[in-house]
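Proteins get letters first, then strands, A, B, ... in listed order; numbering begins at 1 in each. No experiment lies behind these values; they were computed from the predicted model shown. Side chains included, hydrogens not; waters and symmetry mates left out as well; all remaining heavy atoms used.
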2 protein chains.
Amino acid sequence: MPTLDDVARAAGVSKSTASRALSRPALVAPETVLRVRQSAERLGFVPNRAATALARGRTGIVAVVVPTLENAFFTPIIGGAQHRAAESGLQLTVVVNALRDDSDLDSLTQLSAQVDGFLLTAPLGSESRTLAACQLKPTVLVDREIAGVSSVIADTATAFAAVARHFIRDGHQRIALVGGSNRSWQNEQRIAAVRAATAGLAELAIFDPMPPTFAAGTEIAPALAESGATAVIPYATALGLGIVFALGARGVAVPDGMAITIERQVAAALGLTTMPTIDVDGAELGRTAMSALHDLMTRDTAETAARLRLPVPVVFPPGG
Amino acid sequence: MPTLDDVARAAGVSKSTASRALSRPALVAPETVLRVRQSAERLGFVPNRAATALARGRTGIVAVVVPTLENAFFTPIIGGAQHRAAESGLQLTVVVNALRDDSDLDSLTQLSAQVDGFLLTAPLGSESRTLAACQLKPTVLVDREIAGVSSVIADTATAFAAVARHFIRDGHQRIALVGGSNRSWQNEQRIAAVRAATAGLAELAIFDPMPPTFAAGTEIAPALAESGATAVIPYATALGLGIVFALGARGVAVPDGMAITIERQVAAALGLTTMPTIDVDGAELGRTAMSALHDLMTRDTAETAARLRLPVPVVFPPGG
DNA sequence: ACCGGTTGCGCAACCGGTTGCGGTGACAGT
DNA sequence: ACTGTCACCGCAACCGGTTGCGCAACCGGT
């Protein structure tokens, strides 16, 4: 592996000039920059990250912390974040950590010595513990908001409320909401939003927290069918799919027996052309969050925290 | 952040002794080791990875390369690998790269300067290109075999063949196989295995490559229904689910109209208690692969490549 | 008391970049 | 010709661990 010294020698300059030519070209004569770049290219020079990290005091690595990989919701976020990170020359390490207890916080503390920033997605832990994690390094929260911390969220709460209003307009009297972990911030937001949207207009049945899986959908379906609800808003795609399937097996047709909202592509595959669809762009969420984190890391002054809310498009069936 | 110097001073020894006490305690008097450890603990010393990497010439980071995050098959592998990596004090970085063309190979080459090893999962590229990637750093292939390279695969081919034989015993005359990318090594293996199992006993209908999604399942279902096959082996869970659903919508019942094999948990949720189920333990696959990679990285001599095959359990319905 | 052999530790030179500071030469102004 | 300015570049000291080498203290054996 060629080192910077080799490049410098080949270009006929000193190591320091070579370093500047490659990383801060404005400080070096254009003609010299060119020579150095060509030597680097020719030798196949790849800067040693460890050396750079040691000298600069930062590693160029950011950690994306997800509570679980089981939920398909997180993978596009990771993909989007990785994409944007690569554009900024940052490396990305994926960590599964729900921040649920103090040992989770400890392991993040350990990790914080080796990364420049955190993307904390949907952390489930208490606000105080989460806040402690946010103060270790520059952090952007994804799908959770805490005062004073930058965050990016997909506004599913508003989308759910819009769907609920749609169902009410369609004459539904009793609407069911099947949510996730009751420690989830998003879950609270959605419940509040849907409660507000239905208040005085329809009954709202809030079901027990369910994992975001197909099996959970089939499990909850009987209770759903017996609840008297005629429309349901499930919080995860696979969960909704399970519900649709199990209701069908019980003779409850969708959407006639039970209206439901689900991801667009799946709705299309199911032939549910008359239902409202919700589409969270996870990749965009990841990209936006990583951009925000990058800003946070490069900005020298600690300005006020940014709070971004990505609208979640709700598409109503034509003529619905 | 306290440094090794601080720890050494606190323990009343030199930096070198402190270093040895923490990383090679056998070289230091037990009593001294204890003193150093206590100082380190008390000060909250966390070794600077960049400095260690620079001095040792290795980074302690391994890259897990996956072709896509879209397929849920890969996430448990990542989870398992991450778990085992953490046990070995290794950090893990997830990279999406299918090794499909030469630019993919270039970016891995770049990356290879910053990691100690690769876990290449299901690379789709040509054998020569993949081999080139394997020679950059210690590498373990997952779900693909190449001569001379260590690999760990889940033996779905054998499992598929067993399922096919089961279907034949049940009297099925025409069996369908819905596979993935025709550039996938596993796909070839499965086709060959199922072809061998059905040869002379049943017809085999091999469908076009499909993405591993629910939508793909609903898309292929009509062709499947019209193919005359009475049993189907889909290569991905979501795909199978789409098939089951879309067949149901066409009035083809599962399993009476069409037998199918699918992941155990999903089969249970679907109430398909009479079908054979297949369970790939992705997490175990990831753990095993990471263990193999760790061995490869620590072993000094380049011994012969290990080829591991994890059996994939097939469970036949009771009395089936 | 003398000697070869351990054992435990410290000195200092690395690893490969980055950067503060000072030096050099070109050029313009008086 | 003399000096001040400025752009460009090199020297050397870092960053924080790791490790080869050598020194000193201690061991038992004669």
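Between B:Arg9 atom CZ and D:dG16 atom P there is a gap of 12 Å when expressed in whole angstrom units. For the pair A:Arg56 CZ and D:dA13 P, the interatomic distance rounds to 22 Å; values are reported in whole Å. Rounded to whole Å, atom P of C:dG16 lies 7 Å from atom CG of B:Leu54. Note: CZ (B:Arg49) to C1' (D:dT18) measures 16 Å, nearest angstrom. In this structure, CG of B:Leu4 is placed 19 Å from P of C:dC15, rounded to the nearest angstrom. In this structure, the CG atom of A:Leu22 is 16 Å from the P atom of C:dG16, given to the nearest Å. In this structure, B:Asp5 places its CG atom 11 Å from P of C:dC11, rounding to the nearest Å. Following rounding to the nearest Å, B:Met1 (CE) and D:dC15 (P) show an atom-to-atom distance of 16 Å.
Residues A:Ser103 and A:Asp101 bring a donor and an acceptor atom of their side chains to less than 3.5 Å of each other. Side chains of B:Asn187 and B:Ser181: a donor-acceptor N/O pair is absent below 3.5 angstrom, by distance only.
A salt bridge does not link B:Lys137 to B:Asp116: none of the charged nitrogens lies less than 4.0 Å from a carboxylate oxygen. Salt bridge A:Arg35/A:Glu31: present, at least one basic N to carboxylate O contact under 4.0 Å.
Nearer to the 5' terminus of DNA chain C, by closest-nucleotide assignment, is the contact made by B:Arg35 (compared with the other of A:Pro2 and B:Arg35). Between B:Ser19 and A:Ala51, the residue anchored closer to the 5' end of DNA chain D is A:Ala51, taking for each the nucleotide with the nearest heavy atom.
For B:Arg20 against C:dG10, a side-chain-to-base donor-acceptor contact under 3.5 Å is present. Side-chain atoms of B:Lys15 and base atoms of D:dG16 include no donor and acceptor less than 3.5 Å apart.
You'll find that the side chain of A:Phe45 is closest to C:dG17, out of D:dC9, C:dT18, C:dG17. Across D:dT18, C:dG17, D:dG17, the shortest atom-to-atom separation from the side chain of B:Thr3 is found for D:dG17. Closest contact between the side chain of A:Val13 and the listed nucleotides D:dG10, C:dG10, C:dG17 involves D:dG10. The side chain of B:Asn48 has D:dG16 as its nearest neighbour among D:dG16, D:dT19, C:dG17. Side-chain proximity of A:Pro30 to the nucleotides D:dC9, D:dC8, C:dG10 is greatest for D:dC8.
B:Arg24 comes within 4.0 angstrom of the backbone, heavy atoms only, and of no base. Within the nucleic acid shown, A:Ser16 comes within 4.0 Å of at least one base atom, counting heavy atoms only. Within the nucleic acid shown, B:Arg58 has no heavy atom closer than 4.0 Å to any nucleic acid atom.
Between B:Ser14 and the phosphate of C:dG10, there is a side-chain N or O to OP1/OP2 separation shorter than 4.0 Å. Phosphate contact (OP1/OP2 of D:dC9, side-chain N/O of A:Thr32, threshold under 4.0 Å): present.
If you take OG on A:Ser126 and CZ on A:Arg100, they are separated by 12.5 Å, rounding to the nearest 0.5 Å.
Checking D:dC11 for Watson-Crick or G-U wobble geometry (two distances, each under 3.5 Å) identifies C:dG20 as its partner. Summarising the base pairing, D:dG29 is matched to C:dC2 through a Watson-Crick or G-U wobble pair whose two defining distances lie under 3.5 Å.
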- Query: Is there a side-chain hydrogen bond (donor to acceptor under 3.5 Å, both in side chains) between B:Glu188 and B:Ser184 once you walk through the steps?
  - Reply: CA-CA 7 Å; B:Glu188 288 177 18; B:Ser184 150; over 6 Å; no
